[in-house]
Amino acid sequence: MKKLAFEGILEKRKAQIVTAVLLLVDKVGITGLTIKRIAKEVGFVEGALYKHVDSKMGLFHLILDASFRSIESVDREISSRTSAAPAALRAWFEFVVSFLEQYPGIHRILFSDALYVEDRPLFKKFKDCMLDLKGRLRKNIETGVASGDFRADADLEIQAINFLGVIYTTFTLWTVFEERARSYMETARPYIEDYLRSLSLPVPAAEVSRG
């Protein structure tokens, strides 16, 4: 049985509902998502669904809240496994790509301008979630610079943003260019390895002499 989205983060019924939302929105989009469709997907009557969520927008808030908690949980798990920055960044990459591959609909929710125009508090949650993730990635890169795994002149802020850019770009490549003809992990892995190689390149001699 496939793992439910945010299993262990949300209680079982809410995890079932969120999973249904992520699968449905990938098929029908944000505008095609209705409480009636969600209830049918989960196997509820509409009235029963309202016992767990108050509205469609409430579901999106729930998903962002769960995303934030999931980031915290993954960070603890990765930190317990390795202190090496390259291994930690690979682990982050594998977590995000695996989740997006299983539930690509979350991309439509997280990057939906229409939702944020309608609900500014939702935008703030999204922004806070992304800033938190960027900060954790930046800390990993800073650790790699301090340990000598990454080049000494690496710009921490730019490289954290570049990491997120690799995810966003490869998701577009997988979804639009390749139309999901193979696994997302297979599509994306060469790009994260290229990113890590660029971080590990030695500082050019001319730059060292100037310093």
Side-chain angles (χ1 to χ4, degrees), residues 1-44 49 52-53 55-75 77-78 90-116 119 122-123 125-130 132-134 136-137 163-189 191-192:
M1 176 182 283
K2 281 189 175 182
K3 187 176 181 181
L4 297 172
F6 303 116
E7 186 175 324
I9 300 293
L10 299 172
E11 56 94 5
K12 186 176 180 180
R13 284 298 190 193
K14 286 186 177 179
Q16 288 175 333
I17 293 167
V18 165
T19 299
V21 169
L22 296 182
L23 295 175
L24 274 173
V25 81
D26 189 46
K27 297 175 186 175
V28 302
I30 297 289
T31 56
L33 189 70
T34 63
I35 291 294
K36 184 176 181 179
R37 271 182 162 157
I38 297 166
K40 183 178 179 181
E41 185 79 11
V42 181
F44 288 178
L49 191 66
H52 302 281
V53 292
S55 65
K56 189 168 83 169
M57 291 305 295
L59 274 168
F60 298 141
H61 278 271
L62 178 64
I63 288 169
L64 276 170
D65 289 338
S67 297
F68 191 88
R69 290 166 59 192
S70 184
I71 287 170
E72 292 178 327
S73 176
V74 170
D75 195 26
E77 196 273 331
I78 290 174
R90 281 192 184 92
W92 272 113
F93 164 80
E94 289 170 3
F95 161 71
V96 175
V97 168
S98 295
F99 193 88
L100 281 171
E101 183 162 14
Q102 188 170 1
Y103 300 108
I106 197 170
H107 189 273
R108 288 189 171 183
I109 295 171
L110 294 179
F111 294 95
S112 171
D113 287 341
L115 282 183
Y116 302 135
D119 189 330
L122 189 66
F123 173 74
K125 281 187 181 180
F126 170 65
K127 181 178 178 180
D128 288 346
C129 187
M130 294 303 291
D132 181 73
L133 177 56
K134 179 177 70 69
R136 294 172 195 270
L137 295 170
F163 183 97
L164 295 174
V166 171
I167 300 293
Y168 190 90
T169 302
T170 55
F171 185 83
T172 302
L173 173 63
W174 177 61
T175 303
V176 179
F177 294 3
E178 297 185 353
E179 298 184 63
R180 304 182 189 172
R182 57 177 176 163
S183 80
Y184 179 23
M185 189 69 74
E186 189 178 355
T187 296
R189 191 176 296 282
Y191 292 88
I192 196 67

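All values below were derived from every heavy atom in this structure, side-chain atoms included, with hydrogens, water molecules and symmetry-related copies excluded.
- We find the CG-CG distance between Leu110 and Leu64 to be 6.0 Å, quoted to the nearest 0.5 Å.
- Each of Ile38, Ile109, Val25 was compared with Leu59 under the side-chain contact (heavy atoms from CB on, under 4.5 Å) criterion, and only Ile38 meets it.
- Counting only distance, with no hydrogens or angles, the side chain of Tyr103 and the backbone of Ala5 share a donor-acceptor pair below 3.5 Å.
- The two residues Lys56 and Ile35 have their closest heavy-atom pair at N-CD1, 3.9 Å.
- Atom CE in Met57 sits 5.0 Å away from atom CG in Leu115 (nearest 0.5 Å).
- The backbone N or O of Asp75 lies less than 3.5 Å from no partner atom in the side chain of Trp92, so there is not a single donor-acceptor pair.
- Contact check for Gln102 versus Leu22: no side-chain heavy atoms found under the 4.5 Å cut-off.
- Using a 4.5 Å heavy-atom cutoff, the side chains of Phe44 and His52 are in contact.
- For Lys40, the NZ atom sits in a loose shell: 12 or fewer heavy atoms of surrounding residues, nucleotides or ligands are nearer than 6.0 Å.
- Ile9 is listed as a side-chain neighbour of Ser73, based on a closest heavy-atom distance under 4.5 Å.
- Side chain of Glu41 to backbone of Leu23: no donor-acceptor contact under 3.5 angstrom is found.
- Between Phe68 atom CZ and Asp132 atom CG the span is 4.0 Å, to the nearest 0.5 Å.
- Rounding to the nearest 0.5 angstrom, the gap separating the CZ atom in Phe99 from the OG atom in Ser67 is 6.5 Å.
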Legend entry - Chi angles and distances behind the side chain to side chain contact (heavy atoms under 4.5 Å, CB included) call for Arg136, Val74: CA-CA 11 Å; Arg136 294 172 195 270; Val74 170; over 6 Å; no
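- Residues Phe60 and Ile30 have side chains in contact (heavy-atom distance under 4.5 Å, counting atoms from C-beta outward).
- Within a 6.0 Å sphere centred on OH of Tyr116, heavy atoms belonging to other residues, nucleotides or ligands number more than 12.
- Under 4.0 Å is where a charged nitrogen must lie from a carboxylate oxygen, and between Glu94 and Arg189 at least one such pair does.
- Atom CZ of Arg108 is separated from atom OG1 of Thr31 by 9.0 Å, given to the nearest 0.5 angstrom.
- No donor-acceptor pair under 3.5 Å is formed between the side chain of Lys27 and the backbone N or O of Gly105.
- For Ala188 against Val97, the heavy-atom pair with the smallest separation is CB-CG2, 4.3 Å.
- Side chain of Ser70 to backbone of Ala66: no donor-acceptor contact under 3.5 angstrom is found.
- By the 4.0 Å N-to-carboxylate-O rule, Asp65 lies too far from Lys14 to be salt-bridged with it.
- Ring planes of Tyr184 and Phe171: perpendicular class, angle over 60° (limits at 30 and 60°).
- The nearest pair of heavy atoms linking Val166 to Ile192 is CG1-N, 4.2 Å.
- Without hydrogens or angle criteria, Glu179 side chain to Ala181 main chain gives no donor-acceptor distance under 3.5 Å.
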Inset, instruction - Let me see the working for Phe177 and Thr187 under side chain to side chain contact (heavy atoms under 4.5 Å, CB included), right down to the final yes or no. - result: CA-CA 11 Å; Phe177 294 3; Thr187 296; over 6 Å; no
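- The two residues Ile63 and Phe6 come nearest to each other via the heavy atoms O-CZ, 4.0 Å.
- Formation of a donor-acceptor pair under 3.5 Å by the Thr170 side chain with backbone atoms of Ile167 is found in this model.
- When every heavy atom of Leu49 is checked against every heavy atom of Ala39, the shortest pair comes out as CD2-N, 4.0 Å.
- The heavy-atom pair separating Glu101 from Met185 by the smallest distance is OE1-N, 3.4 Å.
- Within 6.0 Å of CZ on Arg13 lie no more than 12 heavy atoms contributed by other residues, nucleotides or ligands.
- Between Leu62 and Val21 there is no side-chain heavy-atom pair separated by less than 4.5 Å.
- With values rounded to the nearest 0.5 angstrom, Trp174 atom CH2 is found 15.0 Å from Thr169 atom OG1.
- Ring geometry for Tyr168 versus His107: interplanar angle of 30 to 60°, hence tilted.
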Inset, instruction - Mind running ring pair (Phe, Tyr, Trp, His ring centres under 6.0 Å) on Phe93 and Phe163 for me, showing each step along the way? - result: CA-CA 9 Å; Phe93 164 80; Phe163 183 97; 7.0 Å; no
